[in-house]
Protein chains: 2
Amino acid sequence: MAKFSKTENCKNCIDCNNRIPMLSILSKQELTELNESRFEVKFKTGETIFKQGTSATHLLILTTGLAKLYVEGVQDKQLIIRIIKPWEIIGQASLYFDNRHHYSIAALDNTTACFIEIDAFKKVIQTNPLFAEEFIKNCTQKGIFSFEKMVSLSQKQMHGRIADGLIYLASKVYEDLNFDLHLSRQDVADLTGMSKDSAIRILKEFHNEGIIDLDGRKLKILNSKQLERISETG
Amino acid sequence: MAKFSKTENCKNCIDCNNRIPMLSILSKQELTELNESRFEVKFKTGETIFKQGTSATHLLILTTGLAKLYVEGVQDKQLIIRIIKPWEIIGQASLYFDNRHHYSIAALDNTTACFIEIDAFKKVIQTNPLFAEEFIKNCTQKGIFSFEKMVSLSQKQMHGRIADGLIYLASKVYEDLNFDLHLSRQDVADLTGMSKDSAIRILKEFHNEGIIDLDGRKLKILNSKQLERISETG
DNA sequence: AATTCAAATCGATATTTATCAGTCTTTTAC
DNA sequence: GTAAAAGACTGATAAATATCGATTTGAATT
């Protein structure tokens with residue numbers, strides 16, 4: 001199970017200054033307050049970090065590893081909204097609604113997560129308008145991302161959705177055309193809204209057509225132009 | 001075309017106090033400032049209020065009528081995100097991103113829209129943290145709504161999606177089981193992510209099964225329990 | 001009332017996607 | 001090192017959904 005720990009890479013919130021642009025707005029005192037409410041927990045691959053429906057008391061920042069953020073849909077199906085990387089602030093959705101988590105987060109990797117008390121965070125929002133503004137910026141960007149995702153999920157067919165998924169992973173998550181996929185085939189399916197079998201089929205097709213090179217979880221995008229084209233034509 | 005006007009129901013922002021809970025947080029002076037930047041425009045049914053891709057200079061509040069908020073997807077298809085009612089603040093998504101509209105808004109009715117300058121609004125956010133907090137609340141709720149919509153669009157089949165659409169219209173838009181639909185059949189399809197023909201078919205099916213009573217645009221939900229059941233089972 | 005045009009409708013068909021059953025591979029557990 | 005389990009894969013089939021063509025309806029206009 002997860003256990004408490006102090007890691008080298010995140011000794012206190014003041015260090016996070018450089019890594020999380022949003023926090024650099026805060027005064028030393030505000031950072032200190034956040035730091036006092038925070039603690040770190042390590043998770044093993046596959047472990048659940050947040051569980052949808054449970055009460056939301058803390059925000060989350062990964063300091064190492066990757067995680068998937070997903071909502072639990074109909075008949076135990078998961079819909080992966082996005083992949084979480086270190087130094088993003090997670091859990092905003094539940095901040096002001098009903099203090100419940102509206103999605104689950106599970107580690108895709110051995111990860112370290114830093115938890116910050118929601119109340120401490122709210123206090124900073126209330127007292128530092130520039131920080132609040134930055135937070136709004138963050139929320140609205142996620143809103144726009146949501147729109148794009150909805151279009152992809154509802155209007156594109158499988159090839160287009162897989163293309164969108166691959167482009168997302170390469171450009172936003174791994175920031176490289178060549179990466180070691182942390183997602184299982186089922187995860188890829190849950191990210192693109194199709195059955196596992198269909199996801200496997202399309203990936204294989206892309207592989208056979210020379211658009212990607214896929215061997216197990218080693219993935220390389222060979223023809224990103226064509227991937228873009230497939231994404232656009234749906 | 002749309003023309004300038006002063007209407008009885010919205011003489012100035014101070015009156016909006018009662019109607020828009022968020023604005024009641026503002027001081028008289030802040031309201032006055034918003035009021036000075038604002039103007040009203042009337043739109044006829046079908047007219048475009050915001051067009052996706054154009055530059056975003058104003059926020060929007062409908063004072064009369066209804067409108068659809070939609071994104072332009074692949075191959076000229078529309079995806080209706082939600083229906084706009086009077087006294088909601090619209091346009092947040094573009095506030096802090098790239099000053100472009102990321103969706104379009106079109107009148108479903110003869111509507112009156114009040115435009116508020118984005119800069120005036122931003123200023124209030126920067127100076128009034130409680131207002132900023134309220135704004136964040138608003139954004140995060142929309143985020144949660146987005147998740148539900150994504151699940152509906154990607155994991156439910158047509159019956160479930162139409163059920164979701166009808167429940168949404170009855171509970172959130174018209175707040176009545178019995179209403180005069182402002183949406184065309186194509187709009188219903190765009191709201192639920194399917195072809196027009198399919199939407200017509202499912203609606204007819206629901207009608208034949210006694211779940212709804214549908215005559216042209218007069219719609220009455222007869223069995224909302226079953227509609228809920230259909231929504232849940234997908 | 002006749003005309004016109006857009007919206008709504010419906011049956012037949014084609015396409016897309018999921019499901020299922022079975023095999024193969026890789027990792028995990030003892 | 002071997003057994004077991006989980007994940008990956010594949011072809012065949014079934015189910016869901018879109019598309020197409022042809023009417024019909026209804027509202028708006030002459």
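All chains are named by letter (A, B, ...) in the order of the sequence lines, taking the proteins before the strands, and each is independently numbered beginning at 1. Because the structure is a prediction, the values reported are computed rather than measured.
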Atom NZ of Lys85(A): over 12 foreign heavy atoms under 6.0 Å:
yes
Quick one: list whatever passes side chain to side chain contact (heavy atoms under 4.5 Å, CB included) with Phe179(B), sequence neighbours left out.
Leu169(B), Ala170(B), Tyr174(B), Leu181(B), Leu219(B)
Atom-pair distance (CG on Leu214(B); P on dC10(C)), nearest Å
11 Å
Within the 6.0 Å centroid threshold, strictly below: His102(A) and Phe97(A)
yes
Taking side chain to side chain donor-acceptor pair (under 3.5 Å) as the test, write out the residues that go with Asn99(A), two or more places apart.
none
Axial bend angle, the helix from dA1(C)-dT30(D) to dC30(C)-dG1(D): five-pair end segments, nearest 10°
50°
Atom pairs under 3.5 Å, N or O on each side, protein against nucleotides 24-30 of chain C: can you list them with distances?
none

Taking the ring centre of each residue, are Tyr103(A) and Tyr70(A) less than 6.0 Å apart?
no
Does a side-chain N-to-carboxylate-O contact under 4.0 Å join Lys42(B) and Glu40(B)?
no
Scoring nucleotides 13-28 of chain D by protein non-hydrogen atoms under 4.0 Å (B base, S sugar-phosphate only, - none) yields ---SSBBBB-------
Sequence neighbours excluded and cut-off under 3.5 Å, please list the side-chain donor-acceptor pairs for residues 187-195 of chain B, or say none.
{"residue": "Asp187(B)", "atom": "OD1", "partner": "Lys68(B)", "partner atom": "NZ", "Å": "2.9"}
{"residue": "Asp187(B)", "atom": "OD2", "partner": "Ser184(B)", "partner atom": "N", "Å": "3.2"}
{"residue": "Asp187(B)", "atom": "OD2", "partner": "Ser184(B)", "partner atom": "OG", "Å": "3.3"}
{"residue": "Asp190(B)", "atom": "OD1", "partner": "Gln186(B)", "partner atom": "NE2", "Å": "3.1"}
{"residue": "Thr192(B)", "atom": "OG1", "partner": "Val188(B)", "partner atom": "O", "Å": "2.8"}
{"residue": "Thr192(B)", "atom": "OG1", "partner": "Ala189(B)", "partner atom": "O", "Å": "3.4"}
{"residue": "Ser195(B)", "atom": "OG", "partner": "Ser198(B)", "partner atom": "N", "Å": "3.2"}
{"residue": "Ser195(B)", "atom": "OG", "partner": "Ser198(B)", "partner atom": "OG", "Å": "3.1"}

Between Asp187(B) (CG) and dA6(C) (C1'), how many Å, whole number?
14 Å
Between Lys196(B) and dA7(C), is there a side-chain N or O to OP1/OP2 distance below 4.0 Å?
no
Looking at Glu72(A) and Lys51(A), is there a salt bridge between them, counting it only when a charged N and a carboxylate O are closer than 4.0 Å?
yes
